[in-house]
Amino acid sequence: MILVTGGAGFIGANFALDWLSISDEPLLNLDKLTYAGNMENLASLTDDPRHHFVRGDICDRALVDSLLATHQPRAIIHFAAESHVDRSIHGPGEFLRSNVEGTFTLLEAARAYLAGLDAGARAAFRFHHVSTDEVYGSLAPDAAPFAEGHPYAPNSPYSASKAASDHLARAWHKTYGLPVTISHCSNNYGPFHFPEKLIPLVIVNALAGKALPIYGDGLQVRDWLYVGDHCAAIRRILADGKPGETYNIGGWNEMSNLEIVRQVCALLDTLRPRSDGQPYASQMAHVTDRPGHDRRYAIDARKMERELGWRPAETFASGIERTVRWYLAHEDWVKNVQSGAYQAWVTKHYGDKP
Ligand code: NAD
Ligand code: TYD
């Protein structure tokens with residue numbers, strides 16, 4: 001089986017659902033269920049015997065040790081992290097704990113676990129560390145996209161904590177021979193995206209008649225990738241990636257925030273027009289910029305194509321339409337997230353720990 005951390009969050013849940021839709025290999029899902037973890041994302045797996053969910057913290061070494069000893073996974077795919085830049089600005093402490101100390105704990109537990117495996121199992125084992133393009137910092141408008149050798153220059157507490165965890169993962173490979181692979185992906189979007197991030201926030205605020213906040217001039221550029229394509233890329237790395245290698249994953253789709261918001265508004269105008277006939281774009285409102293806001297990210301994903309034959313399957317046009325349609329069809333999911341009902345469920349089932 002494989003061990004996935006953070007598998008109740010946005011990308012981890014998509015990964016778990018995709019994995020079990022195409023493979024019969026069981027998946028052990030370790031997630032603390034922070035505000036970003038939502039068991040509703042995994043509702044379709046409730047009665048699936050191949051999915052083993054454990055609520056727990058990746059910083060809990062005794063728990064991780066016992067999970068590894070009991071379930072003997074052949075790989076760890078490490079998604080669990082605090083992931084929102086704005087939250088990291090307001091409270092960086094939890095980012096250092098989960099992203100740095102949590103990754104350290106997993107690496108150490110994996111190292112001890114591997115020492116007890118036979119040579120064949122040890123050689124087949126993989127620790128895949130899921131990172132972000134944000135560790136590279138901000139690109140000038142005419143600079144080449146981030147390739148794997150690009151120097152690190154993180155600018156937010158979030159990206160600094162992810163950069164730190166990447167360095168640990170790299171060092172555990174170099175020093176201890178842990179079979180680590182690392183991927184740096186651009187901005188994901190798709191189903192189950194928590195509505196604190198730009199695209200889902202714009203969809204849910206638009207439908208609720210609220211303002212669509214544009215930080216600063218809105219001309220910051222991101223590369224956007226449909227979440228299913230990210231999951232497919234990780235599966236390719238797990239299958240054929242080389243230990244010690246880093247892979248950059250992106251959608252070849254650079255867009256400014258203004259363009260993104262306008263496209264989402266235009267889709268909503270078609271799929272769920274406002275009752276007063278006005279365009280949703282009229283709800284756009286420029287607000288104070290984010291401190292330290294990175295101007296541009298872009299990914300050179302040629303290594304993924306050259307070495308692993310991966311390219312995104314979804315275009316932005318097809319992916320964003322799927323996404324908007326998903327949110328329109330899942331208003332209960334949005335309602336439960338906004339009301340906090342999804343967390344009341346966690347307290348009821350697990351109590352207040354951890
Ligand atoms: P998310 O915030 O939606 O989900 C994170 C999950 O991790 C949640 O389920 C949460 O409960 C869990 N978690 C947090 N701290 C934990 C801890 N200490 N122990 C156990 N579980 C814990 O994040 P996401 O957007 O799904 O991102 C997943 C990973 O992908 C992160 O490592 C992130 O840095 C990386 N990434 C995200 C993007 C993106 O666009 N969202 C892009 C590139 C890379
Ligand atoms: P976000 O989804 O938070 O992802 P990240 O900061 O990791 O790239 O933000 C994407 C871009 O959208 C980023 O440039 C910040 C901007 N943004 C807004 O303009 N308004 C918003 O309300 C949010 C959440 C983000």
Side-chain angles (χ1 to χ4, degrees), residues 4-16 29-39 41-42 54-60 63-64 77-89 94-95 97-103 105-106 129-135 138 155-156 158-159 161-162 165-166 183-190 192-202 205 211-225 227 230-231 234 248-250 255-258 260-261 284-290 292-297 299 343 346 354:
V4 165
T5 70
F10 164 46
I11 305 174
N14 275 285
F15 183 87
N29 191 341
L30 172 61
D31 195 297
K32 184 178 171 183
L33 297 179
T34 68
Y35 82 94
N38 184 346
M39 289 305 285
N41 301 352
L42 301 166
V54 175
R55 187 191 186 194
D57 193 327
I58 54 168
C59 298
D60 181 344
L63 172 66
V64 177
I77 300 101
H78 175 33
F79 293 95
E82 289 291 332
S83 69
H84 188 39
V85 174
D86 295 325
R87 283 183 191 253
S88 82
I89 295 168
E94 200 49 36
F95 286 71
R97 212 188 70 81
S98 284
N99 301 4
V100 185
E101 188 190 330
T103 301
T105 307
L106 284 176
H129 177 67
V130 179
S131 188
T132 163
D133 59 359
E134 306 199 20
V135 298
S138 193
N155 291 317
S156 72
Y158 163 65
S159 54
S161 68
K162 290 296 292 187
S165 65
D166 296 356
S183 56
H184 298 278
C185 189
S186 56
N187 284 57
N188 286 212
Y189 65 95
F192 306 115
H193 205 181
F194 198 81
E196 63 184 352
K197 309 273 172 72
L198 180 68
I199 288 179
L201 182 88
V202 165
N205 275 15
L212 312 179
I214 312 290
Y215 297 167
D217 62 10
L219 295 176
Q220 304 84 2
V221 170
R222 301 285 182 266
D223 172 71
W224 293 91
L225 180 71
V227 64
H230 186 187
C231 295
I234 292 173
N248 285 3
I249 305 169
M255 288 172 74
S256 73
N257 294 339
L258 282 177
I260 291 285
V261 175
M284 287 164 68
H286 287 265
V287 299
T288 309
D289 207 353
R290 170 189 281 173
H293 199 169
D294 287 332
R295 204 64 192 163
R296 176 176 169 238
Y297 304 139
I299 283 272
Q343 285 185 308
V346 173

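Just so you know, these numbers come straight off a predicted model, no measurement behind them. Any value given below was found using the heavy atoms of this structure, including those in side chains, with hydrogens, waters and symmetry copies removed. Residue indices begin at 1 and follow the sequence shown. Read the numbers this way: they start at 1 and go in the same order the structure lists the ligands and their atoms.
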Trainee: Going by heavy atoms, is Gly7 under 4.0 Å from ligand 1?
Mentor: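 In this structure, Gly7 fails to qualify as a contact of ligand 1 - no heavy atom is under 4.0 Å.
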Trainee: Could you grab the distance from atom CG of Asn188 to atom SG of Cys231, nearest 0.5 Å is fine?
Mentor: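 It is 7.5 Å, given to the nearest 0.5 Å.
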Trainee: Which of the atoms of ligand 1 are close to Gly56, meaning less than 4.0 Å from one of its heavy atoms?
Mentor: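 What qualifies from ligand 1 is 19 (N), 20 (C).
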Trainee: Let me confirm one number: the CD-NZ distance from Glu82 to Lys32, rounded to the nearest 0.5 Å.
Mentor: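 Answer rounded to 0.5 Å: 7.0 Å.
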Trainee: Within less than 4.0 angstrom of ligand 1, does Phe79 place any heavy atom?
Mentor: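 Checking ligand 1 against Phe79, which is what was asked, there is a heavy-atom contact under 4.0 Å.
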Trainee: Work out which heavy atom in Leu63 is nearest to a heavy atom in Gly56; give both atom names and the distance.
Mentor: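 So the two residues come closest at CD2-CA, 3.7 Å.
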Trainee: Polar-atom distance check: Glu134 versus ligand 2, any N or O pair below 3.5 Å?
Mentor: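 Yes, since at least one N or O of Glu134 sits under 3.5 Å from an N or O of ligand 2.
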Trainee: Quick check for you: to the nearest 0.5 Å, what is the distance between Ile299 atom CD1 and Trp224 atom CH2?
Mentor: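 It comes to 13.5 Å.
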Trainee: Please round to the nearest 0.5 Å and tell me the distance separating atom CG of Leu258 and atom CD1 of Ile214.
Mentor: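 Going from the CG atom of Leu258 to the CD1 atom of Ile214 covers 5.5 Å.
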Trainee: Among Arg290, Arg296, His193, Arg222, whose heavy atom sits nearest atom 6 (O) of ligand 2?
Mentor: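 That would be Arg290.
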Trainee: At less than 4.0 angstrom from any non-hydrogen atom of Lys32, what atoms of ligand 1 do you find?
Mentor: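 It comes down to these atoms of ligand 1: 16 (C), 17 (C), 18 (N), 19 (N), 20 (C), 21 (N), 22 (C).
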Trainee: For atom 44 (C) of ligand 1, what is the closest protein heavy atom, and at what distance to 0.1 Å?
Mentor: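 In this structure, atom 44 (C) of ligand 1 has Ser131 O, 3.1 Å as its nearest protein heavy atom.
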Trainee: If only atom types and distance count, is the side chain of Ser98 paired as donor or acceptor with the main-chain N or O of Phe95 below 3.5 Å?
Mentor: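 Not confirmed, Ser98 side chain does not pair with Phe95 backbone.
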Trainee: Verify, without hydrogens or angle tests, whether Asn205 (side chain) and Leu212 (backbone) share a donor-acceptor contact under 3.5 angstrom.
Mentor: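 Side chain of Asn205 to backbone of Leu212, a donor-acceptor pair under 3.5 Å: no, none is there.
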Trainee: Between Asp133 and Asn248, is there a side-chain heavy-atom distance shorter than 4.5 Å?
Mentor: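 SC-SC contact between Asn248 and Asp133 ruled out.
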Trainee: Could you tell me how the ring of Phe79 sits relative to the ring of Phe15: parallel (under 30°), tilted (30 to 60°) or perpendicular (over 60°)?
Mentor: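 The arrangement is tilted - the two ring planes meet at 30° to 60°.
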Trainee: Heavy atoms only: which of His293, Gln220, Arg295 is nearest to atom 13 (C) of ligand 2?
Mentor: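 Among His293, Gln220, Arg295, the closest heavy atom to atom 13 (C) of ligand 2 belongs to His293.
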Trainee: Are the side chain of Ser138 and the backbone N or O of Arg295 linked by a donor-acceptor pair below 3.5 Å?
Mentor: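 The answer is yes, because a donor-acceptor pair under 3.5 Å joins these two groups.
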Trainee: Please list, in number order, the atoms of ligand 1 under 4.0 Å from a heavy atom of Asp57.
Mentor: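 So the atoms of ligand 1 that pass are 17 (C), 18 (N), 19 (N).
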Trainee: Quick one: look up the protein heavy atom nearest atom 3 (O) of ligand 1 and list residue, atom name and how far away it is.
Mentor: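 Looking at atom 3 (O) of ligand 1, the protein heavy atom closest to it is Phe10 N, 3.0 Å.
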Trainee: Give the numbers and elements of all ligand 2 atoms closer than 4.0 Å to a heavy atom of His84.
Mentor: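 Counting atoms of ligand 2 from 1, those under 4.0 Å from His84 are 3 (O).
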Trainee: Which of the numbered atoms in ligand 1 are under 4.0 angstrom from any heavy atom belonging to Ser98?
Mentor: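 That gives atoms 15 (N), 16 (C), 17 (C), 18 (N) of ligand 1.
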Trainee: Determine, considering heavy atoms only, which of Ala81, Cys59, Gly6 sits nearest to atom 14 (C) of ligand 1.
Mentor: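 Considering heavy atoms of Ala81, Cys59, Gly6, the nearest to atom 14 (C) of ligand 1 sits in Ala81.
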Trainee: Within this structure, what is the CG-NE2 distance for the pair Leu198 and His193, rounded to the nearest 0.5 Å?
Mentor: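 The CG atom of Leu198 sits 9.0 Å away from the NE2 atom of His193.
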Trainee: Under a 4.5 Å cut-off applied to non-hydrogen side-chain atoms, are Tyr35 and Glu196 in contact?
Mentor: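 Yes, close enough: below the 4.5 Å cut-off.
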Trainee: Using a 4.0 Å cut-off to any heavy atom of Glu196, which atoms of ligand 2 qualify?
Mentor: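 Listed by number with element, the hits are 24 (C).
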Trainee: Of all the non-hydrogen atoms in the protein, which one sits nearest to atom 16 (C) of ligand 2, and at what distance?
Mentor: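 Sorting protein heavy atoms by distance from atom 16 (C) of ligand 2 puts Asn257 ND2, 3.4 Å first.
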Trainee: Enumerate the atoms of ligand 2 whose separation from the nearest heavy atom of Leu201 is less than 4.0 angstrom.
Mentor: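 So the atoms of ligand 2 that pass are 22 (O).
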Trainee: Decide whether the shortest distance between a heavy atom of Asn187 and an atom of ligand 1 is less than 4.0 Å.
Mentor: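 The answer is yes: ligand 1 sits under 4.0 Å from a heavy atom of Asn187.
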Trainee: Could you go through the side-chain contact (heavy atoms from CB on, under 4.5 Å) check for Phe194 and Phe10 one step at a time?
Mentor: CA-CA 7 Å; Phe194 198 81; Phe10 164 46; 5.8 Å; no
Trainee: In the protein, which heavy atom is nearest to atom 11 (O) of ligand 1, and how far is it?
Mentor: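 I find the closest protein heavy atom is Asp31 OD1, 2.6 Å.
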Trainee: Please state which protein non-hydrogen atom is closest to atom 27 (O) of ligand 1 and give its distance, to 0.1 Å?
Mentor: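 The closest heavy atom on the protein side is Ile11 CD1, 3.8 Å.
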Trainee: Could Arg87 and Glu94 be called an ion pair, given the rule that one side-chain N must be under 4.0 Å from one carboxylate O?
Mentor: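 The answer is no: the pair does not qualify as a salt bridge.
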Trainee: Just heavy atoms, cut-off under 4.0 Å: does Ala13 contact ligand 1 by side chain, backbone, both, or neither?
Mentor: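 Neither part.
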Trainee: List the closest protein heavy-atom neighbour of atom 19 (N) of ligand 1: residue, atom name, distance to the nearest 0.1 Å.
Mentor: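 Checked against all protein heavy atoms, atom 19 (N) of ligand 1 sits closest to Ile58 N, 3.0 Å.
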Trainee: If we set the cut-off at 4.0 Å for heavy atoms, which region of Lys162 has an atom near ligand 1: side chain, backbone, both, or neither?
Mentor: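 Near ligand 1, Lys162 shows its side chain, while the N, CA, C and O stay back.
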Trainee: Evaluate the side-chain proximity of Pro213 to Leu201: yes if any heavy-atom separation is below 4.5 Å, no if none is.
Mentor: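 Of all side-chain heavy-atom pairs linking Pro213 with Leu201, at least one is under 4.5 Å.
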Trainee: For atom 23 (O) of ligand 1, what's the nearest protein heavy-atom neighbour? Residue, atom name and distance, please.
Mentor: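 Minimum-distance protein heavy atom for atom 23 (O) of ligand 1 reads Ser83 OG, 3.2 Å.
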Trainee: Under the 6.0 Å and 45° cation-pi test, does Arg222 pair with Tyr189?
Mentor: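 No; the conditions do not both hold, so Arg222 does not lie above the ring face of Tyr189.
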Trainee: When you compare the side chain of Tyr297 with that of Asn187, does any pair of heavy atoms fall below 4.5 Å?
Mentor: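 Contact flag for Asn187/Tyr297 side chains = yes.
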Trainee: For Leu198 and ligand 2, does the shortest N/O to N/O distance drop below 3.5 Å?
Mentor: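 Checking ligand 2 against Leu198, an N or O pair does fall under 3.5 Å apart.
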Trainee: I need the atoms of ligand 1 closer than 4.0 Å to a non-hydrogen atom of Gly37, numbered in the order shown.
Mentor: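 Reading through ligand 1 atom by atom, the close ones are 8 (C), 9 (O), 11 (O).
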Trainee: Which of the atoms in ligand 2, numbered in the order shown and given with their element, are less than 4.0 Å from a heavy-atom of Ile214?
Mentor: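 Numbered from 1, ligand 2 contributes 19 (O).
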Trainee: Indicate, as side chain, backbone, both or neither, the part of Asn38 found under 4.0 angstrom from ligand 1 when only non-hydrogen atoms are considered.
Mentor: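 No part of Asn38 is near ligand 1 at this cut-off.
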Trainee: Who's the nearest protein heavy-atom neighbour of atom 43 (C) of ligand 1, and how far?
Mentor: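 Checking every protein heavy atom, the shortest distance to atom 43 (C) of ligand 1 gives Cys185 O, 3.3 Å.
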Trainee: Taking only non-hydrogen atoms of Tyr158, do any sit less than 4.0 angstrom from ligand 1?
Mentor: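 It does, in that a heavy atom of Tyr158 comes within the 4.0 Å cut-off of ligand 1.
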Trainee: For ligand 2, is there an N or O atom under 3.5 Å from any N or O atom of Tyr215?
Mentor: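 Such a contact does occur with ligand 2.
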Trainee: Could you list the atoms of ligand 1 found under 4.0 angstrom from a heavy atom of Thr132?
Mentor: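 Counting from 1, the qualifying ligand atoms are 43 (C), 44 (C).
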Trainee: Using the rule given for side-chain contact (heavy atoms from CB on, under 4.5 Å), can you reason through Asp57 versus Arg97, listing the C-alpha separation, both sets of side-chain angles and the distance that settles it, and then say yes or no?
Mentor: CA-CA 10 Å; Asp57 193 327; Arg97 212 188 70 81; 2.6 Å; yes
Trainee: Distance from Leu30 atom CG to Leu106 atom CG, nearest 0.5 Å?
Mentor: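 Rounded to the nearest 0.5 Å, the CG-CG separation comes to 7.5 Å.
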Trainee: Are any of the N/O atoms in His193 less than 3.5 Å from those in ligand 1?
Mentor: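 No, there is no polar N/O contact under 3.5 Å.
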Trainee: Which atoms of ligand 2 sit under 4.0 Å from any heavy atom of Val85?
Mentor: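 That gives atoms 6 (O), 7 (O) of ligand 2.
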Trainee: How far is atom 4 (O) of ligand 1 from the closest protein heavy atom, and which atom is that?
Mentor: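 Heavy-atom neighbour on the protein nearest atom 4 (O) of ligand 1: Gly9 CA, 3.4 Å.
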Trainee: Show me which atoms of ligand 1 lie under 4.0 Å from any heavy atom of Thr34.
Mentor: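 In order of numbering, the contacting atoms are 10 (C), 11 (O), 14 (C), 15 (N).
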Trainee: Using a 4.0 Å cutoff against the non-hydrogen atoms of Leu33, which atoms of ligand 1 qualify?
Mentor: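 Selected atoms, number and element: 11 (O).
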Trainee: Could you tell me whether some N/O pair between Pro213 and ligand 2 is separated by less than 3.5 angstrom?
Mentor: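 Yes; the residue has a nitrogen or oxygen that sits under 3.5 Å from a nitrogen or oxygen of the ligand.
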Trainee: Under a 4.5 Å cut-off applied to non-hydrogen side-chain atoms, are Val130 and Ile11 in contact?
Mentor: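 They are not in contact (no side-chain heavy atoms under 4.5 Å apart), so the answer is no.
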Trainee: Relative to each other, are the rings of His129 and His78 parallel, tilted or perpendicular (30° and 60° limits)?
Mentor: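 His129 and His78: tilted rings.
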Trainee: Is Asn187 touching ligand 2 with its side chain, its backbone, both, or neither, if touching means heavy atoms under 4.0 Å apart?
Mentor: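 The part of Asn187 near ligand 2 is the side chain, not the backbone.
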